[in-house]
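Heavy atoms only: backbone and side chains are in, while hydrogens, waters and symmetry mates are out.
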Amino acid sequence: MPFVPVPKDLAKVKTKVAFNLTKRQIVCFGAGRLVGVPTYIFTRGSIGNELMSTDELAVMDGGKCILQVQGVRPFFSDKFDITRHQQYKYLLDSFKKNAFDISKYLSRRLTVRPDDVFESCELEAPPASDAPAD
């Protein structure tokens, strides 16, 4: 292990220059910025960044929304009041009878009456010799 001499009087070595920092700290912070800032700027586009953090979303105004349209960067917009829409009357919010009942939809069966007319077709499979080879 190398020996490093330490001076007895540190007042000369550690003098605060600006913002309560020593010369060494100022040089190191400057070098860090010199390397870090351009690296961040050049890699920001390829790495990507969040539109908003979860904390920012939690405190976002209730009357605003983030709108994302294909071909356009996401942007803030005012929320639309759906009660003013011309077809609001067809929504469940306006009238409970508009609710979609999936069980009623799936339980429908075809009812055949005696006077219904159907067309019947017969199909034959091709012989095995005509089958295409894989």
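Dense packing is recorded around CZ of Phe80, with more than 12 heavy atoms of other residues, nucleotides or ligands lying under 6.0 Å away.
In terms of hydrophobic clustering, with Ile, Leu, Val, Met, Phe, Trp and Tyr side chains grouped at heavy-atom distances under 4.5 Å, Val37 and Leu34 are assigned to different clusters.
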Listing, residues 88-100 side-chain donor-acceptor contacts under 3.5 Å, not counting sequence neighbours, or none:
unit_1	atom_1	unit_2	atom_2	d
Ser94	OG	Tyr88	O	3.1
Ser94	OG	Lys89	O	3.1
Ser94	OG	Leu91	O	3.1
Asn98	ND2	Lys89	O	2.9
Asn98	ND2	Tyr90	O	3.4
Asn98	ND2	Leu91	O	3.1

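When all heavy atoms of Cys65 and Lys79 are compared, the pair lying nearest together is CB-CG, 3.9 Å.
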Can you check side-chain contact (heavy atoms from CB on, under 4.5 Å) on Leu67 and Val72, steps first, answer last? CA-CA 10 Å; Leu67 192 61; Val72 181; over 6 Å; no
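Counting heavy atoms from C-beta outward, Phe76 and Asp61 have side chains that stay 4.5 Å or more apart.
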